[in-house]
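So you know, we letter chains A, B, ... as the sequences are listed, proteins then strands, and number each from 1.
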2 protein chains.
Amino acid sequence: MIGDWTERFQGTARLPRAVRDRLIKVARVTHMSEGTQVFGPMNVPDSLFFLYEGRIRVVQRSDMGRDIVLYRVDAGESCVLTTACMLAEEAYEAEGIAETDITAIALPKAAFDRLVAEEEAFRAFVFAAYSRRLIDLLRVVDDVAFGQMDVRLAARLLALAGDFKEVTATHQHLASELGTAREVVSRILQDFQKRELIAQSRGRIALLDKPALRDIAAAE
Amino acid sequence: MIGDWTERFQGTARLPRAVRDRLIKVARVTHMSEGTQVFGPMNVPDSLFFLYEGRIRVVQRSDMGRDIVLYRVDAGESCVLTTACMLAEEAYEAEGIAETDITAIALPKAAFDRLVAEEEAFRAFVFAAYSRRLIDLLRVVDDVAFGQMDVRLAARLLALAGDFKEVTATHQHLASELGTAREVVSRILQDFQKRELIAQSRGRIALLDKPALRDIAAAE
DNA sequence: TGCCTTCAGTGACATTGTCACTCAACATGC
DNA sequence: GCATGTTGAGTGACAATGTCACTGAAGGCA
């Protein structure tokens, strides 16, 4: 059942069967439950993680209470920040939190090294993963440095909602997504509510007018 | 004279002579003068750059006039953002600008691939470079999202001054370093001046009290 | 029903960003 | 020297965002 995990991997670099088979041999499958800290400053892994099932949220945490979500690792992707940390052996402050129950595949460093050396497809996959995260972070920098908060909030609501019409999140959660304060989120949501773009109840936000929200989010 | 370039490379992964010799064979040496755009959205390189001499400033540019410096590439380092871009083939908005005259070594993609496959030291070097930049970007996100402007400005002044007592930069330049507006920099520098931490003249800032500035910068 | 915890709303204020200017410092040509 | 143009810096008013100290509402539970 784990045998087909590589088929889930996205991006330009799908791994062929031969690579997949080699991976399976050396990998250890691990499970973690929702809310677990997968990695963090105090919790540096000695293996490289590939996510088979579930989702990880990677968060930058400030000395004060504020957080900001850097990106999410979905099933089929690799979490290169752990790799980065392992290889650079530098301090960093980001932490990864299991947003659902997860199944991950841990690849010991030596095995990783050998695969990178010997399998071109694997190499391409790893580099693509790195590149993707670098570009994700560029996006975050752009948003935080130059983006307006209402724009960012509208975009985040739409992203969190997906195909649904409702988001289950407190104002505090949304603030921690965007790296701002709860009061700021409250203010902007009030405004959205007055304009009848959303309806609020405790812990839930109904998106009444997605097209209008998309307009706001597009002003980026 | 270029033969010893690998010796300059920093970090955990210095390249041994064998790797170095292979590199020299396939690399093309290029020169660019100060102010040239080394790479950018409209100017995607087809090779991987290793900087032999000089410095490159990597800047994120917003749709409005504002900029922010992401990091600098010094002699002996590699510019992985170009790599990232090449491999991911995704759009990005950052651009690299030669801050001095530079000498770079361009490695065609095929040669890069072969070296990564065959030379463990080179592989380690490349991964370390990626990791370093990821961590640099985490730092930028942290600064922009949670840092106070006076703290960031004090830190940047000290960094730009190095061992000297004076910084040659306009308020606009400093604003573009930090991703803020000129007026904000002016205000804060006024304050520093009133407190006799600096002295200003057109285009130059003398750091009168570095220890005090360091105190301010340390409040990060 | 009466507490208790968590979530959301509010007003005052500080910091930062934006806009529309003015003035000062240098460069250049006469 | 002087007139003029260009660039760098200062200023005040205002908007957006962040911080603080609250209040009150919603839901859980004994």
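Put simply, B:Gln190 has a side-chain N or O that comes within less than 4.0 Å of OP1 or OP2 on D:dG10. Residue B:Ser186 has a polar side-chain atom (N or O) positioned under 4.0 Å from OP1 or OP2 of D:dG10. Of the side-chain N and O atoms in A:His171, one or more sit less than 4.0 angstrom from OP1 or OP2 of C:dG9.
The existence of a salt bridge linking A:Arg132 and A:Glu77 is confirmed by a sub-4.0 Å separation between a basic side-chain nitrogen and an acidic carboxylate oxygen. With respect to the salt-bridge test (charged N to carboxylate O, under 4.0 angstrom), the residues B:Glu34 and B:Arg55 do not qualify. Contact check on B:Lys194 versus B:Asp191 returns no salt bridge, with no Lys/Arg side-chain nitrogen under 4.0 Å from an Asp/Glu carboxylate oxygen. Between B:Glu95 and B:Arg61, at least one side-chain nitrogen of the basic residue sits less than 4.0 Å from a carboxylate oxygen of the acidic one, meeting the salt-bridge criterion.
Taking the centre of each ring, B:Phe127 and A:Tyr130 come in below the 6.0 Å mark.
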Next item on the list: Take A:Thr170 and A:His173 through the side chain to side chain donor-acceptor pair (under 3.5 Å) test and state the conclusion after the steps.
Entry: CA-CA 5 Å; A:Thr170 66; A:His173 286 144; 3.2 Å; yes
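A heavy atom lying under 4.0 Å from DNA chain C marks the following residues of residues 196-210 of chain A, by number: A:Arg202, A:Gly203.
When atom types are taken as modelled, the side chain of A:Arg57 and the backbone of A:Arg72 share no donor-acceptor pair closer than 3.5 angstrom.
Remark: P of C:dA8 and CG of A:Asp191 are 17 Å apart, rounded to the nearest angstrom. Between the NZ atom of A:Lys194 and the C1' atom of C:dT10 there is a distance of 11 Å, rounded to whole Å. Whole-Å rounding puts the B:Ile68 CD1 to C:dG17 P distance at 10 Å.
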Next item on the list: Can you check each nucleotide of nucleotides 15-21 of chain D against protein heavy atoms at under 4.0 Å and return B for base, S for sugar-phosphate only, - for none, in 5' to 3' order?
Entry: --BBBBB
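Taking the six-membered ring where tryptophan is involved, the planes of B:Phe122 and B:Phe112 are perpendicular, since the angle between them exceeds 60° and thus also 30°.
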